[in-house]
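Throughout, residue positions are numbered sequentially from 1 according to the sequence presented. Note that the structure is predicted; figures quoted are calculated from it, not measured.
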Amino acid sequence: QVQLVESGGGLVQAGDSLSLSCAASGRTVSSYAVGWFRQAPGKEREFVASIGWSGGSTSYADSVKGRFTISRDNAKNTVYLQMNSLKPEDTAVYYCIKIIPPSTPFGSWGQGTQVTVSS
């Protein structure tokens, strides 16, 4: 069974960049589409971005389009989320999970990684 572990979160200022990683263990994640989701305090979890199993297909929420880039390295069994021009409203816990395209999560949620953007 594939387990996904998020890392790379932190405290940054508005306008800064941050790169998140989603590392798979147990089995390869290369045959799965993977998505990033986030949950801000008091809000529901929302879709951020997704990538197909080969990396050739990506999708983004309108709120992050043009600022975030999702990518994957199947040789390293890792999916990445590069976040640029961060805004305070990007503050949330970020999760990665296998998905059924375009954005239906399946499997278990991990602990996520906290991203805090100060103004």
Checklist entry - Going hydrophobic residue to hydrophobic residue with side-chain gaps under 4.5 angstrom, can you get from V5 over to F106? => result no
Item to check | S19: partners by side chain to side chain contact (heavy atoms under 4.5 Å, CB included), with sequence neighbours left out | outcome: Q82
Checklist entry - Mind checking who shares a hydrophobic cluster with Y95, ILVMFWY linked at side-chain heavy-atom distances under 4.5 Å? => result F37, F47, V93, I97, I99, W109
Checklist entry - Can you name the nearest heavy-atom pair linking Y94 to E6, along with the distance? => result O-CG, 3.8 Å
Extract all donor-acceptor atom pairs below 3.5 Å that involve side chains of residues 112-119 and protein atoms in other chains or at least two apart in sequence.
from	atom 1	to	atom 2	distance (Å)
T113	OG1	G9	N	2.9
Q114	NE2	A92	O	3.4
Q114	NE2	T116	OG1	3.3
S118	OG	V12	O	3.3

Checklist outcome for this item: Sorted by chain and number, sequence neighbours left out, salt bridge (charged side-chain N to carboxylate O under 4.0 Å, His left out) with K65 holds for D62
Next on the checklist: Test: salt bridge (Lys or Arg N to Asp or Glu O under 4.0 Å). Region: residues 69-79. Which pairs qualify, not counting sequence neighbours?
Outcome noted: none
Next on the checklist: For E46, give me all partners under salt bridge (charged side-chain N to carboxylate O under 4.0 Å, His left out), at least two apart in sequence or on another chain.
Outcome noted: R38
Checklist entry - Which residues satisfy the salt bridge (charged side-chain N to carboxylate O under 4.0 Å, His left out) test with R45, sequence neighbours excluded? => result none
Without placing hydrogens or testing angles, list every side-chain donor-acceptor pair under 3.5 Å for residues 49-61, not counting sequence neighbours.
from	atom 1	to	atom 2	distance (Å)
S50	OG	P102	O	3.2
S54	OG	G56	N	3.3
Y60	OH	I70	N	2.9

Checklist entry - At what distance, to the nearest 0.5 angstrom, does CG of D90 lie from CG of L18? => result 10.5 Å
Checklist outcome for this item: By side chain to side chain contact (heavy atoms under 4.5 Å, CB included), S85 pairs with (sequence neighbours left out) R67
Next on the checklist: Please enumerate all residues that pass side chain to side chain contact (heavy atoms under 4.5 Å, CB included) together with E44, with sequence neighbours excluded.
Outcome noted: none
Next on the checklist: Clusters formed by hydrophobic residues whose side-chain heavy atoms approach within less than 4.5 Å: which one holds L11, and what are its other members?
Outcome noted: none
Checklist entry - Is there a side-chain contact between V79 and C96, using heavy atoms and a 4.5 Å cut-off? => result no
Checklist entry - Can any side-chain N or O of N77 pair as donor or acceptor with the backbone N or O of V29 at less than 3.5 Å? => result yes
Checklist outcome for this item: The reported gap from CE in M83 to CG in L20 (rounded to nearest 0.5 angstrom) is 3.5 Å
Checklist entry - Quick one: ring-ring contact (aromatic ring centres under 6.0 Å, His included) pairs with a partner in residues 62-83, sequence neighbours left out? => result none
Checklist entry - Do T28 and N74 pass the side chain to side chain contact (heavy atoms under 4.5 Å, CB included) test, and can you show the C-alpha distance, the side-chain angles, and the key distance before you say yes or no? => result CA-CA 8 Å; T28 179; N74 285 339; 6.0 Å; no
